[in-house]
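The structure under discussion appears below in the form of structure tokens.
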Number of protein chains: 2
Amino acid sequence: MEQTKPPRADRQLSSEKAEAILEGGMQEFLAHGYAATSMDRVAIAAGVSKATVYSHFQDKEGLFIALIQRLVEGKFRSVFGPANAQVLQTAPEIVLRDLANRLLDTCMNEPQFLNFMRVILGESGRFPQLARAFVRNIEQTSFKRLRQYFTTCPQLKLSDPEATARIFIGTLVHFMIVQEMLHGKDIVPMERARLIENLVKLIINQAEKT
Amino acid sequence: MEQTKPPRADRQLSSEKAEAILEGGMQEFLAHGYAATSMDRVAIAAGVSKATVYSHFQDKEGLFIALIQRLVEGKFRSVFGPANAQVLQTAPEIVLRDLANRLLDTCMNEPQFLNFMRVILGESGRFPQLARAFVRNIEQTSFKRLRQYFTTCPQLKLSDPEATARIFIGTLVHFMIVQEMLHGKDIVPMERARLIENLVKLIINQAEKT
DNA sequence: TCAATGAACTGAACTGTATAGTTTAGTTAG
DNA sequence: CTAACTAAACTATACAGTTCAGTTCATTGA
């Protein structure tokens with residue numbers, strides 16, 4: 001078969017290649033971590049020549065940083081869910097339960113999210129700027145949103161909304177880490193709904209008490 | 001120096017060398033992660049020849065697994081602190097506050113602990129058996145201990161001690177991850193005592209309510 | 001309409017270094 | 001004497017990053 005027909009003539013646009021490289025780099029880096037990822041495999045995954053990779057990004061570290069920054073600022077920023085508008089009309093019990101469920105759902109529905117967290121946590125010693133970007137874009141945002149809700153919700157009068165927000169998010173994130181990331185589901189089983197129910201009640205009762 | 005009993009069946013290798021290799025491997029693997037650690041540097045760190053490393057351990061993966069298993073079962077098992085005996089006489093408020101402080105202290109006092117967690121979390125996708133060993137030896141143990149306390153403490157009558165234990169530990173572990181591991185101290189500052197105070201009050205009030 | 005230009009890209013070879021793991025010849029110590 | 005150990009060389013592979021000759025294609029200019 002001597003055919004060499006190029007089936008499709010792609011327009012040579014630099015930004016499309018850059019996009020493909022970031023996409024291929026995401027696959028590789030999230031699957032194997034920083035050190036175990038090779039630039040040859042990134043180029044193959046991106047469907048691009050190695051030289052093109054190095055014409056768009058300075059080096060392996062530069063690609064990795066650009067890639068993680070992008071994920072932190074875009075793709076995974078929505079993990080902690082957007083706040084609805086008329087939540088203040090709804091009972092806090094329901095709002096909080098829904099929020100918790102949405103937060104944990106997002107981790108399951110984004111299959112890459114667990115690997116993303118693994119890379120962020122595993123490389124947080126060698127790439128502290130990426131860890132800080134994660135905190136700034138994801139943790140801080142969710143703290144702020146929840147504290148805001150705790151502060152403005154008429155039925156809730158918490159003495160320290162910020163600390164309560166930390167307890168809420170911390171409980172759920174740790175649950176996700178132990179059950180999913182560390183494969184603890186069968187070792188320390190716990191129904192998601194049961195944990196959420198207790199967490200929500202703890203906060204509601206606290207508010208009623210004051 | 002008293003000598004060890006010379007067993008004969010299998011190969012008899014010096015346990016001192018094995019110890020040194022595990023120690024050197026710990027330094028290297030915890031500092032650089034699995035993929036970025038070289039066996040040459042492990043041998044140098046252990047003060048041992050490379051051939052000796054391979055006579056004690058089958059390969060890099062075998063050394064890594066043996067090493068992490070050991071850390072999980074020994075060195076870092078105490079992180080979540082031993083339970084005292086006469087705690088049941090003390091007010092729960094004080095017991096829980098002390099427990100939380102001890103838990104967070106241990107992370108600071110064991111400077112390697114953060115890197116240990118980074119490796120466990122970062123490699124949990126490629127070494128699920130190590131992640132499970134971590135859950136079995138550290139998370140499960142602390143859940144059990146705290147649930148036991150919640151169940152037996154006369155002043156506390158929690159409706160779900162297991163879930164409450166998860167909330168307690170999850171809040172503290174997440175705090176440690178965000179503030180220390182992800183370098184979030186300056187981005188999302190939070191006094192440790194303030195968080196602990198709120199967490200403890202949340203649980204105490206819940207108990208009084210019932 | 002048709003070259004001609006030039007920038008983006010390709011594939012493959014290439015450099016230099018690092019790696020996992022083995023082998024060998026020789027040394028130490030019980 | 002022997003078994004653990006050492007130092008160093010060695011094999012074979014992989015990697016980051018570069019170079020280069022050649023291809024593709026859109027734009028230009030006549």
Side-chain angles (χ1 to χ4, degrees), chain A residues 2-29 31-68 119 123 126-127, chain B residues 1-29 31-68 123 126-127:
Chain A
E2 75 304 335
Q3 75 84 26
T4 43
K5 176 78 160 252
R8 178 63 170 53
D10 290 19
R11 42 206 159 276
Q12 312 292 57
L13 231 342
S14 159
S15 62
E16 288 183 9
K17 296 291 178 180
E19 185 59 36
I21 294 164
L22 289 165
E23 201 63 34
M26 185 179 86
Q27 275 176 232
E28 294 298 315
F29 280 117
H32 309 110
Y34 178 75
T37 289
S38 91
M39 293 298 267
D40 292 77
R41 285 202 305 269
V42 168
I44 291 168
V48 137
S49 81
K50 207 172 151 187
T52 302
V53 172
Y54 279 96
S55 78
H56 285 267
F57 299 93
Q58 199 188 353
D59 53 16
K60 186 183 180 182
E61 195 174 304
L63 170 59
F64 181 66
I65 291 173
L67 164 58
I68 298 292
V119 171
E123 299 298 334
R126 284 167 294 273
F127 294 93
Chain B
M1 286 307 164
E2 70 135 27
Q3 64 183 37
T4 54
K5 217 71 180 270
R8 52 223 64 81
D10 268 330
R11 52 215 151 138
Q12 167 57 2
L13 298 171
S14 143
S15 57
E16 287 182 10
K17 297 291 177 179
E19 186 59 36
I21 293 164
L22 288 166
E23 202 63 34
M26 184 179 84
Q27 275 176 233
E28 295 298 315
F29 280 117
H32 309 110
Y34 178 75
T37 289
S38 90
M39 292 299 265
D40 291 78
R41 287 201 304 271
V42 168
I44 291 168
V48 135
S49 80
K50 205 174 150 186
T52 301
V53 173
Y54 279 98
S55 78
H56 281 82
F57 299 93
Q58 199 190 353
D59 53 17
K60 186 183 182 182
E61 196 174 302
L63 170 59
F64 180 67
I65 290 173
L67 164 58
I68 299 292
E123 300 298 335
R126 282 168 294 274
F127 294 93

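A note on names: the letters A, B, ... follow the listed sequences, proteins ahead of strands, and every chain is numbered from 1.
For the pair H56(B) NE2 and dA3(D) P, the computed distance is 15 Å after rounding to whole Å. Rounded to an integer number of Å, the gap from CD1 of I44(A) to P of dT10(C) is 13 Å. Q58(B) has its CD atom 15 Å from the P atom of dA20(C), to the nearest Å. Residue E16(B) contributes atom CD, which lies 13 Å from atom P of dA29(C) at whole-angstrom precision. Distance D59(B) CG to dA20(C) P: 11 Å, rounded to the nearest Å. Taking atom CZ on F57(A) and atom P on dG17(D), their separation rounds to 14 Å, with Å as the unit. Atom-to-atom, CE of M39(A) to P of dG11(C) comes out at 17 Å; the value is rounded to the nearest Å. Rounded to an integer number of Å, the gap from CD1 of I21(B) to P of dA4(D) is 13 Å.
Checking dT10(C), dT19(C), dT23(C) against the side-chain heavy atoms of A51(B) singles out dT23(C) as nearest. Proximity note for S38(A) (side chain, C-beta onward) versus dT23(C), dC9(C), dC15(D): the nearest is dC15(D). Ranking dC9(C), dC5(D), dA16(D) by closeness to the S55(A) side chain, first place goes to dC9(C). Of the candidate nucleotides dA20(C), dT19(C), dG17(D), dA20(C) has the atom nearest to the side chain of K50(B). You'll find that the side chain of T52(B) is closest to dC5(D), out of dC5(D), dA16(D), dT10(C). Looking at the side chain of Y54(B), the nearest of the listed nucleotides dA7(D), dG21(C), dC20(D) is dG21(C). Of the candidate nucleotides dA20(C), dT19(D), dG17(D), dA20(C) has the atom lying nearest to any side-chain atom of K60(B).
Under the 3.5 Å distance criterion, the side-chain polar atoms of T37(A) are left unmatched by any main-chain donor or acceptor of H32(A). In this structure, R41(A) contributes its side chain and G25(A) its backbone to no donor-acceptor pair below 3.5 Å.
E19(A) CD: more than 12 foreign heavy atoms inside a 6.0 Å radius.
The side chain of R41(B) contributes no N or O atom lying less than 4.0 Å from OP1 or OP2 of dA18(C).
The aromatic rings of Y34(B) and F127(B) stand perpendicular to each other, their planes meeting at an angle above 60°, with 30° marking the opposite boundary.
For the pair G47(B) and A36(A), nearest-nucleotide mapping onto DNA chain D gives the more 5' position to G47(B).
Side-chain N/O atoms of S49(B) and T52(B) include a donor and acceptor closer than 3.5 Å.
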